[in-house]
Amino acid sequence: MNERSNSKLSLFLMELIVAIMFFSLSAAVCVRLFVSAHTMAESTESINNATIWTQNLAEAFTGEKGDLPEIAKLFPDVYVTSKSEDDGTLILFFDDKWELLSGKPTDAAYEAILEVTKEDAADVYSDVNTYGAAITGKAAVGKIAVMKTGASADIVSVIPDDSTDVILLTVVDVYLGKEGQ
């Protein structure tokens with residue numbers, strides 16, 4: 001009878017080990033799902049905030065007709081670099097909670113860059129020429145990028161051509177008319 005009791009005990013222990021292994025695997029899968037969901041939520045929050053700030057900069061650019069000093073007046077905590085009278089860059093810095101930081105802080109987690117250039121309208125609107133319309137004058141072109149800078153120690157002051165840190169990139173333009181108008 002002692003042998004029969006030992007075999008039942010061995011069978012019970014084996015069943016218990018299998019159940020513990022099953023629950024351990026289930027717990028590992030659940031933890032992985034929670035981590036994945038958290039990462040997706042952070043990414044979605046970054047995309048939402050990047051979209052909002054891109055829209056803000058695009059509306060300011062359009063409303064001020066690409067005039068960089070006038071756009072800078074709309075954002076008091078902006079950092080501006082000017083290449084010439086017509087061209088320049090406007091940079092907004094944010095912390096990890098997307099709160100606007102002033103000046104050029106070294107602890108920024110995100111930044112929004114607006115690069116403004118003045119170009120010939122015929123070049124900017126070259127696709128209109130296929131419809132038989134000729135455009136003369138100037139146009140202001142704004143390239144807007146929102147990027148994550150928390151991974152790098154350096155603050156980016158130009159929009160990189162290819163970067164995995166860029167969250168959102170868009171181009172806006174406004175027709176300025178003929179010179180002297």
Side-chain angles (χ1 to χ4, degrees), residues 1-64 68 71-72 74-81 83 88-117 127 141-173:
M1 180 129 178
N2 197 10
E3 257 181 56
R4 193 167 206 212
S5 175
N6 282 340
S7 71
K8 283 184 181 180
L9 185 61
S10 296
L11 188 60
F12 174 73
L13 288 175
M14 287 284 269
E15 187 178 329
L16 191 61
I17 289 171
V18 169
I20 289 172
M21 222 173 6
F22 173 75
F23 286 121
S24 297
L25 288 173
S26 299
V29 169
C30 288
V31 167
R32 184 178 170 113
L33 286 173
F34 280 120
V35 168
S36 176
H38 178 70
T39 304
M40 284 177 54
E42 283 181 342
S43 175
T44 302
E45 181 183 2
S46 293
I47 291 171
N48 286 340
N49 284 310
T51 302
I52 289 168
W53 282 102
T54 299
Q55 183 176 359
N56 288 344
L57 287 171
E59 288 176 0
F61 176 85
T62 305
E64 298 298 335
L68 196 60
I71 297 169
L74 299 173
F75 302 100
D77 296 324
V78 71
Y79 179 75
V80 180
T81 61
K83 297 176 189 169
T89 303
L90 180 139
I91 307 172
L92 296 170
F93 297 98
F94 305 93
D95 63 8
D96 58 345
K97 293 181 178 33
W98 285 92
E99 297 293 327
L100 195 58
L101 301 172
S102 62
K104 188 176 180 182
T106 56
D107 59 343
Y110 302 96
E111 62 181 275
I113 300 174
L114 169 62
E115 290 180 353
V116 178
T117 58
D127 59 334
V141 178
K143 189 174 180 184
I144 303 169
V146 179
M147 62 185 67
K148 184 170 181 60
T149 58
S152 64
D154 298 332
I155 292 175
V156 180
S157 58
V158 293
I159 299 172
D161 291 330
D162 57 338
S163 176
T164 57
D165 293 333
V166 175
I167 300 170
L168 191 62
L169 177 68
T170 190
V171 177
V172 293
D173 57 69

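- Contact detail for V80 and L68: the closest heavy-atom pair is CG1-CD2, 4.0 Å.
- Not a single donor-acceptor pair under 3.5 Å links the side chain of S36 to the backbone N or O of R32.
- Between the CG atom in L11 and the CG atom in L16 there is a gap of 11.5 Å [rounded to 0.5 Å].
- Here the side chains of L92 and D77 are not in contact, with every heavy-atom distance at 4.5 Å or above.
- Closest non-hydrogen pair, A60 versus L74, comes out as CB-CD1, 3.7 Å.
- You'll find the side chain of V171 reaches within 4.5 Å of the side chain of V141, heavy atoms only.
- The closest side-chain heavy-atom distance from K143 to I113 is not below 4.5 Å.
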(message) Between V146 and L57, is the side-chain contact (heavy atoms from CB on, under 4.5 Å) condition met? List the steps.
(response) CA-CA 10 Å; V146 179; L57 287 171; 5.7 Å; no
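- In terms of heavy atoms, D173 sits closest to F61 at CA-CE2, 3.9 Å.
- When all heavy atoms of V166 and M147 are compared, the pair lying nearest together is CA-CB, 3.8 Å.
- A donor-acceptor distance shorter than 3.5 angstrom exists from the side chain of S26 to the backbone of F22, with no hydrogens or angles considered.
- Annotation for T149 and Y110: closest pair OG1-N, 3.6 Å, computed over non-hydrogen atoms.
- Of all heavy-atom pairs between I71 and F75, the closest is O-CD1, 3.4 Å.
- Rounding to the nearest 0.5 angstrom, the gap separating the CE atom in M14 from the CG atom in L9 is 12.5 Å.
- Taking CD1 of I52 as the start and CG of L168 as the end, the distance is 11.5 Å to the nearest 0.5 Å.
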(message) Run L100 and F94 through side-chain contact (heavy atoms from CB on, under 4.5 Å) and show every step you take.
(response) CA-CA 5 Å; L100 195 58; F94 305 93; 3.4 Å; yes
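- The side-chain heavy atoms of L25 and V29, taken from C-beta on, include no pair separated by under 4.5 Å.
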